[in-house]
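Below is one structure, written out as structure tokens; comments come after it.
Order of the sequence lines sets the chain letters (A, B, ...), proteins ahead of strands, with each chain counted from 1. All values below were derived from every heavy atom in this structure, side-chain atoms included, with hydrogens, water molecules and symmetry-related copies excluded. Owing to the predicted nature of the structure, the values given are computational and were not obtained by experimental measurement.
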Amino acid sequence: MIDLRNLTIKKAHDHLTKGDFTVSDLIDAYLSVINEKNKDINAYIEIYNDIDDQVKIAEQMFANGTATLMTGIPIALKDNMLFEGHIASASSHMLENYKATYDSSIVKQLKNQGVVFLGRTNMDEFAMGSSTETSAYGNTKNPIDTSRVPGGSSGGSVAALAMDGALVALGSDTGGSIRQPAAFCGLVGLKPTYGAVSRYGIISMGSSLDQVGSFGKNTEDTEILFNAINDYDDKDSTSVKKEERILPKPLKKKIGVPRSFLTGDGVESDIIKNFEENCKRLEKAGYEIVDISLPLIKYSLAVYYIISPAEVSSNLARYDGIRYGLHVEADKLFDVYTKSRGKGFGREVRRRILLGTYILSHGYYDAYYNKAIKVRNAIKQEFEKAFLEVDAIITPTSPFMPFKFGEKLEDPVGMYLSDLFSVPANIAGIPAMSLPSGKNDIGLPFSLHIMAPLFREDILFTIGKDFEKQV
Amino acid sequence: MEIEDIKKLAVMARIDMDEDEMKEIAKSFGSILSYVGQVQEVSNLSGDEVATDNIENHKLHNIMREDIATNTRGEYTEKIMAEVPDTESGFIKVKQIL
């Protein structure tokens, strides 16, 4: 029996190199867990049918000495990532039969390293949601407490990892979709710098915000998977060349807390209490914690819910029922469009497309979209100044603990507030990571959220590892 | 927001929906727009917030490439056409437009 609970990438690699077990043994162990638990948890929508072929390639790499740290490592893929020949549906009826016609760049990179993709995981439809409840394929349960949501939108990926149905997982994060589910399931989640990881072949939501990132049981695994996909890609026009990225500098060992931002409405008191403990833990680890002032950061969520629906309405215009995706027959072309889109998209997606359409319409464009862009740039500048004084900025990850199914589904603004602390990093394009910071009295996980300057993921990993020793 | 406004948006966005949903959306837009309307409070912006990105070594710039084909003719045609719901003799079939 392989101890999956305590397995890490390095440990697995060690065992595979020594021959304690084979890639095939490792994958079988994960598949048997999936077989046992997925029916209830619904983390995976589909287990791929070519796993055996992937295993053979990985074993070949071990046999001929070309194996890397990632070779043979079982990964869960979010359902919005293209893997040639496999369905990628964004958990929407619109794309339920859409077979990827090419590999996304991240899949290609990982294929070259011989990873094993186990399957595609459930998500909020087109990544719009914070609970995975907007999926067209049913709810995913939080493996820690199955009466609660796993967070979202990458809820399936994180649940797959939390139930030991994968060793690491990939997600995408537009406003918190990696970090908030990681928080809800007691795991580590990283949203890298905008432009660090290629989005070529990832189903778009908000193109000025989307970024692909990694999930792990600890900082080290999250970092290894990030390193495996962190590369320039000429197929993504927002990808930043390696030589243009900012290089690591020594740390000041100083962390900022935007104190007045933490006490807003709806932030649970237990979460603040845990956050204060986390500050003490970091002090113990040798960091100086200082209060900083970021007066505009509180507008990030409002800015997000203007820019993101605007980009959604434009990005999702491509689903027309004509070229791919769901097609509903009608007499007139116009009706083919409206019926295909009406039937293909779920309720929350329809709502956000209409919201974006409104925000971008004549007469409202200046008041909402243009104003939001200005505030966004001011927020970026505010972060830039703050990072002259501190290495990193910390907050809780989510303003509330994992909630029960249905609790926030009928209250869009309440659901949107899930992103309160995670969204500023998307607005500013900076990297951010959430990591577990203890549990409450009923065993639900708390989480610390760390933000760092552009391309300084190294700071997140350093602080993350120091913090893990204190928890 | 009135249901008539939602109807117009649905037409612009090419989404067929029933009246009940329009009513619900009209209602939720009230709370969403009042929340995002907070951005109006932000004043005293210096004016250089638009299109400035003076972060060290990371100025925004256009990425160009030579205008040359990166694939051979027809290389992906079969795969892409396999996803098209309605085709005829290798063409994408749509309803009469005019």
Any side-chain heavy-atom pair of [X] and [Y] under 4.5 Å:
| X | Y | result |
| --- | --- | --- |
| B/Ile80 | A/Tyr102 | no |
| A/Tyr368 | B/Leu33 | yes |
| B/Asp5 | A/Tyr358 | no |
| A/Pro412 | B/Ile32 | yes |
| B/Lys95 | A/Asp331 | no |
| A/Arg323 | B/Ile92 | yes |
| B/Lys79 | A/Glu84 | yes |

Hey, what do you get for [atom1] ([X]) to [atom2] ([Y]), rounding to the nearest 0.5 Å?
| X | Y | atom1 | atom2 | answer |
| --- | --- | --- | --- | --- |
| B/Ile15 | A/Ser313 | CD1 | OG | 9.5 Å |
| A/Ile306 | B/Tyr35 | CD1 | OH | 10.5 Å |
| A/Tyr324 | B/Met81 | OH | CE | 14.0 Å |
| B/Asp16 | A/Ser340 | CG | OG | 10.0 Å |

Within the side chain of B/Arg14, is there an N or O that forms a donor-acceptor pair under 3.5 Å with the backbone of A/Tyr337? no

Using a cut-off of under 4.5 Å for heavy-atom pairs, which of [options] has the most such pairs with chain B?
| options | result |
| --- | --- |
| A/Asp411, A/Ile322, A/Asp320, A/Ile353 | A/Ile322 |
| A/Lys332, A/Arg347, A/His327, A/Glu329 | A/Arg347 |
| A/Val328, A/Val303, A/Asp234, A/Leu301 | A/Leu301 |
| A/Leu354, A/Leu333, A/Thr101 | A/Leu354 |

Measuring heavy-atom distances to chain A, does B/Met1 have an atom under 4.5 Å in its side chain, in its backbone, in both, or in neither? side chain

Heavy-atom distance under 4.5 Å to chain B: side chain of [X], backbone, both or neither?
| X | value |
| --- | --- |
| A/Arg376 | neither |
| A/Leu296 | side chain |
| A/Leu417 | side chain |
| A/Val336 | side chain |
| A/Tyr304 | neither |
| A/Ser239 | backbone |
| A/Lys298 | backbone |
| A/Lys339 | both |

Who wins among B/Val42, B/Ile25, B/Ile6, B/Asp18 for the most heavy-atom pairs under 4.5 Å with chain A?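 Option with the greatest count: B/Val42.
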
Counting heavy-atom pairs under 4.5 Å with chain A, which one of B/Ser28, B/Ala82, B/Gly37 comes out on top?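 That would be B/Ser28.
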
If every non-hydrogen atom of [X] is compared with every non-hydrogen atom of [Y], which pair is closest and at what distance?
| X | Y | value |
| --- | --- | --- |
| B/Val39 | A/Ala367 | CG2-O, 4.4 Å |
| B/Glu83 | A/Asn97 | OE1-O, 3.9 Å |
| B/Ala13 | A/Thr357 | CB-OG1, 3.7 Å |

Residues, nucleotides or ligands: over 12 heavy atoms within 6.0 Å of [X] [atom1]:
| X | atom1 | answer |
| --- | --- | --- |
| A/Phe334 | CZ | yes |
| A/Glu243 | CD | yes |
| A/Lys108 | NZ | no |
| B/Glu41 | CD | yes |

Does A/Arg351 pair with B/Glu24 as a salt bridge, N-O distance under 4.0 Å?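 Yes.
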
Look at A/Arg350 together with B/Glu21 and state whether they make a salt bridge at an N to O cut-off of under 4.0 Å.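 Salt bridge between A/Arg350 and B/Glu21, a charged N being under 4.0 Å from a carboxylate O: yes.
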
